[in-house]
J.: 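There's a structure below that I have some questions on.
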Amino acid sequence: MIRHRHGDYRWQDIDVHPYKEDGTIFKSVTRQTLFHGADDLNVELRYFEVGVDGHTTLERHQHAHLVTIIRGSGQVLVGDKISEIGLHDVVQIPPFTWHQFRATNDEELGFLCIVNPVRDRPQRPGPAELDELNSNDSVAGFIRV
Ligand code: MN
């Protein structure tokens with residue numbers, strides 16, 4: 001199977017969806033699912049694009065992510081660490097680790113994300129978790145909730 005490119009950061013027969021439809025807090029993010037798992041490849045491959053100044057949901061979950069940046073740059077929170085990320089960087093999000101991607105550099109941030117097709121629902125921080133996150137000044141300044 002070859003999923004041919006169809007325009008910039010678009011693929012043949014792949015629809016562009018809102019990032020999430022569960023009412024969680026995010027800004028200017030789209031999702032395209034390029035691969036749903038087949039043969040012995042028990043993975044989904046998605047492309048997410050965060051618009052300028054946008055961000056993904058601050059969340060954690062038992063399943064892990066493997067992310068590769070293919071458009072633009074930005075920053076990511078993984079646990080309590082904030083890092084600059086750019087083209088071709090690879091980011092591993094371990095299980096049950098807070099994470100949020102932001103397009104902070106006046107350009108889009110686009111990344112491929114590999115994930116298990118069978119996975120738990122993301123958790124968002126409650127008041128106690130937010131207090132803990134906000135106790136770290138750099139994290140408090142970064143997160144968008
Ligand atoms: Mn996640």
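Here the structure is a predicted model, which is why all the values come from computation and not from measurement. All ligand and atom numbering here is 1-based and tracks the order in the structure.
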J.: State which residues pass side chain to side chain donor-acceptor pair (under 3.5 Å) with Glu107; sequence neighbours excluded, sorted by chain then number.
T.: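 With sequence neighbours excluded, Glu107 shows a side chain to side chain donor-acceptor pair (under 3.5 Å) to Ser73, given in chain and number order.
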J.: For Val52, give me all partners under side chain to side chain contact (heavy atoms under 4.5 Å, CB included), at least two apart in sequence or on another chain.
T.: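 Scan of Val52 (side chain to side chain contact (heavy atoms under 4.5 Å, CB included), adjacent residues dropped) gives Asp106.
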J.: Which atom pair, heavy atoms only, marks the closest approach of Thr97 to Gly79?
T.: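 So the minimum-distance heavy-atom pair works out to CG2-N, 3.2 Å.
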J.: Which residue, His63, His65, His55, forms the ring pair (Phe, Tyr, Trp, His ring centres under 6.0 Å) with His99?
T.: His65
J.: State yes or no: do Ile85 and Leu66 share one hydrophobic cluster built from I, L, V, M, F, W and Y residues joined by side-chain heavy-atom distances below 4.5 Å, directly or via other members?
T.: no
J.: Mind jotting down which residue pairs meet the ring pair (Phe, Tyr, Trp, His ring centres under 6.0 Å) criterion with at least one end in residues 105-145? Sequence neighbours excluded, please.
T.: Phe48-Phe111, Phe101-Phe111
J.: If I only include protein atoms of type N, O or S, how many are less than 2.8 Å from the Mn ion (ligand 1)?
T.: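 There are 4 of them.
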